[in-house]
Trainee: 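Here you go, one structure.
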Amino acid sequence: MVIDAENGNSSLDSIEPKIKPLKILFLSSDTGGGHRASAEALGAQFEVLYPGSTYSLLDIMQKHSSAPFNRLVESYKHLSKHPKQWNFVYKLSNSPPVETLVKTHLKITTERRVRQAIKEHYPDVVISVHPLMTNVPVTSCQKISSESGKHLPIFTVVTDLGSGHSTWFEGGVEKIFIASQQIQELAMKRGKVPKTKLIMSGLPIRKDFTAQAGCLGDGGRNSIQGNIHQMQVRDMLGIAHNNASGAIIDGKDHNCSDHKVILVMGGGEGVGSLSSIVDCLYTELMLEGINATIAVVCGRNEKLKKSLETRDWNELLLLARQRRIKEAALKKNGGMSGLEGLKLLASMPFRALHKRAMGTIYTKEKDEKQGKEAANDSLQSVDGKPLVMVHPLGFVNNMADYMVAADILVSKAGPGTIAEAACVGLPVLLTSFLPGMYKSHNSRGN
């Protein structure tokens with residue numbers, strides 16, 4: 001995307017960059033990681049097209065707004081963990097009466113402070129990448145232009161894919177850059193934005209992903225060049241691969257040359273039941289004898305990161321194996337059903353359950369200690385290393401590297417994440433979504 005800051009014209013075509021560098025001001029907020037990632041992707045491209053350009057990010061809600069909008073980030077963290085509350089707030093705020101009330105309230109209470117904050121950055125162009133940062137800034141930019149005698153253009157880049165909140169669509173901007181036909185129809189219907197102001201550009205992705213896509217080659221990650229590059233990136237990240245050793249796990253001979261890497265994400269806040277998802281992945285991979293690394297991007301969720309770092313994975317696996325054998329034993333015993341059967345299973349020692357599940361006869365001479373030893377068979381390792389390794393990560397800045405290294409991405413339905421994964425040909429398993437806009441991303445991602 002290319003924007004002419006002097007006359008407000010825009011184009012998606014590559015043009016000769018201007019000699020004069022630009023000062024770009026992005027209006028964004030850390031409600032998830034997608035808005036900031038989009039701003040940084042656009043800012044990096046400006047630096048390429050306009051050498052010497054600089055950009056900065058401004059959160060006008062948190063720093064210059066009134067309650068409750070000055071607690072936007074904290075509110076997002078809470079609501080993203082409570083989908084039903086999110087659904088209520090989203091639908092209520094997306095209704096025309098409440099939308100009008102919100103816009104009027106913000107203009108009255110914050111416009112002067114927002115105008116002053118924008119002026120302090122002395123920008124050549126203002127770009128909003130957040131739905132709550134379009135209405136008031138449009139008025140502020142118009143007043144700044146009138147006061148200074150120099151036109152200050154403002155653009156909107158919608159970072160949603162399948163649907164979007166009505167506050168995105170403010171007709172007073174120069175242009176609105178969108179990613180789908182659904183967003184175009186919504187902008188024209190709800191925002192009354194003329195079609196001439198809507199530019200179908202796709203979602204902004206960080207240049208690292210474009211570079212990595214080039215390194216994978218025309219054949220993508222499944223080509224010889226792609227496989228070699230993936231192994232090189234894994235080496236750089238310290239992720240094991242191509243271990244030709246084998247191990248006997250649950251009586252099976254496993255060749256560990258095919259090392260799988262699973263990337264698990266939950267957005268900037270590390271939400272979406274990540275802890276339970278990682279537990280399930282770990283136990284299933286171990287019980288099936290699959291050699292893998294689970295890289296978990298916890299984002300700003302330090303509590304989750306610490307929990308994964310200190311978790312007793314052996315104990316977790318033992319419990320999972322016991323549960324699996326109990327379930328098998330319950331199915332094996334045709335005369336056992338309901339509460340009676342569950343009570344009997346709970347009272348039987350572990351070795352008895354194992355024998356019953358395997359179709360053999362239980363004898364009282366086999367005690368529970370032997371059963372635990374049998375259960376621990378699944379804890380065997382390869383060359384002294386765990387068959388499945390869990391790597392908790394904080395907020396990751398080199399996401400493109402991890403997406404290249406991974407064989408699959410397990411994530412909530414974030415539009416930017418879906419677009420960046422598609423750029424490097426990474427399959428995505430969508431596990432959750434927030435009601436409203438993220439539900440649409442989920443359906444489009446599938």
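Values below: all heavy atoms of this structure, side chains included; hydrogens, waters and symmetry mates excluded. Along the sequence shown, the residues carry numbers beginning at 1.
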Trainee: If I compare all heavy atoms of His229 with all of Gln212, which pair ends up nearest, and what's the gap?
Mentor: NE2-OE1, 2.6 Å
Trainee: Please check if the side chain of Thr110 supplies one atom and the backbone of His64 the other of a donor-acceptor pair under 3.5 Å.
Mentor: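 Checking the backbone N and O of His64 against the side chain of Thr110, no donor-acceptor pair under 3.5 Å is found.
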Trainee: Heavy-atom distance under 4.5 Å between the side chains of Phe155 and Thr134, does that happen here?
Mentor: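 In short, these two side chains do not touch, never coming nearer than 4.5 Å.
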Trainee: More than 12 non-hydrogen atoms from neighbouring residues, nucleotides or ligands closer than 6.0 Å to NZ on Lys103, yes or no?
Mentor: yes
Trainee: For a quick test of reading the model, state the closest non-hydrogen atom pair linking Thr159 to Pro415 and the distance between them.
Mentor: O-CG, 3.2 Å
Trainee: Once you measure the plane-to-plane angle for His165 and Tyr90, does it fall in the parallel (<30°), tilted (30-60°) or perpendicular (>60°) bin?
Mentor: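 Rings of His165 and Tyr90: perpendicular, over 60°.
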Trainee: Mind listing the closest non-hydrogen atom pair of Pro123 and Ile118 along with its distance?
Mentor: CD-O, 3.2 Å
Trainee: Quick one, Gln232 and Asp235 - any side-chain contact, counting heavy atoms below 4.5 Å?
Mentor: no
Trainee: Only one of Arg321, Arg323, Arg324 forms a salt bridge (Lys or Arg N to Asp or Glu O under 4.0 Å) with Glu284, so which one is it?
Mentor: Arg324
Trainee: Give the C-alpha distance, both sets of side-chain angles, the deciding distance and a yes or no for side-chain contact (heavy atoms from CB on, under 4.5 Å) between Lys119 and Lys143.
Mentor: CA-CA 11 Å; Lys119 289 168 66 175; Lys143 291 186 177 181; over 6 Å; no
Trainee: What's the shortest heavy-atom distance between Glu309 and Pro392, and which atoms?
Mentor: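 Looks like CG-CG, 3.7 Å.
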Trainee: Is any side-chain heavy atom of Val114 less than 4.5 Å from a side-chain heavy atom of Met133?
Mentor: no
Trainee: Tell me if a side-chain donor or acceptor on Ser146 pairs with a main-chain N or O of Gln142 at a distance below 3.5 Å.
Mentor: no
Trainee: Side chains of Leu263 and Val297: closer than 4.5 Å at any heavy-atom pair?
Mentor: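 Contact flag for Leu263/Val297 side chains = yes.
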Trainee: Quick one, Asp407 with Arg234, criterion salt bridge (Lys or Arg N to Asp or Glu O under 4.0 Å). Give me CA distance, side-chain angles, the key distance, then yes/no.
Mentor: CA-CA 11 Å; Asp407 294 296; Arg234 287 186 182 183; 2.8 Å; yes
Trainee: Got a second to check how far His105's NE2 is from Phe69's CZ, nearest 0.5 Å?
Mentor: 5.5 Å
Trainee: Dump the intermediate steps for side-chain contact (heavy atoms from CB on, under 4.5 Å) on Leu285 and Ile294, then the final yes or no.
Mentor: CA-CA 10 Å; Leu285 290 168; Ile294 305 173; 3.9 Å; yes
Trainee: Just checking Asp218: does its CG atom have more than 12 heavy atoms from other residues, nucleotides or ligands closer to it than 6.0 angstrom?
Mentor: no
Trainee: Taking the inter-plane angle between the rings of Phe26 and Tyr55 on a 0 to 90° scale, is it parallel (under 30°), tilted (30 to 60°) or perpendicular (over 60°)?
Mentor: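 Perpendicular: the ring planes of Phe26 and Tyr55 meet at over 60°.
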Trainee: What heavy-atom pair brings Met61 and Leu132 nearest, and what distance separates the two atoms?
Mentor: CE-O, 3.7 Å
Trainee: Do you see a donor-acceptor pair shorter than 3.5 Å between the side chains of Ser166 and Glu99?
Mentor: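 Distance-only check passes for Ser166 and Glu99.
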Trainee: May I ask you to test the Ile24-Tyr50 pair for a side-chain heavy-atom distance under 4.5 Å?
Mentor: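 Sidechains of Tyr50 and Ile24: no contact.
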Trainee: Are any side-chain N or O atoms of Arg311 and backbone N or O atoms of Asp279, one a donor and one an acceptor, separated by less than 3.5 Å?
Mentor: no
Trainee: Assess the side chains of His35 and Ser29: does a donor N or O sit below 3.5 Å from an acceptor N or O?
Mentor: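 Not at all, the side chains of His35 and Ser29 share no donor-acceptor pair under 3.5 Å.
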Trainee: How about Met265 and Met403: do any of their side-chain heavy atoms sit closer than 4.5 Å?
Mentor: yes
Trainee: Ser56 versus Lys23: any side-chain heavy-atom pair under 4.5 Å?
Mentor: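 In short, these two side chains do not touch, never coming nearer than 4.5 Å.
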Trainee: Can any side-chain N or O of Lys192 pair as donor or acceptor with the backbone N or O of Glu170 at less than 3.5 Å?
Mentor: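 A pair under 3.5 Å: no.
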Trainee: Nearest 0.5 Å, what's the CD-CG distance between Glu40 and Leu57?
Mentor: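 The CG atom of Leu57 is 6.5 Å from CD of Glu40, to the nearest 0.5 Å.
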Trainee: For Ala400 versus Asp208, what's the shortest heavy-atom pair and its separation?
Mentor: CB-CB, 3.7 Å
Trainee: Do His130 and Leu27 have side-chain heavy atoms sitting under 4.5 Å apart?
Mentor: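 No, too far: nothing below the 4.5 Å cut-off.
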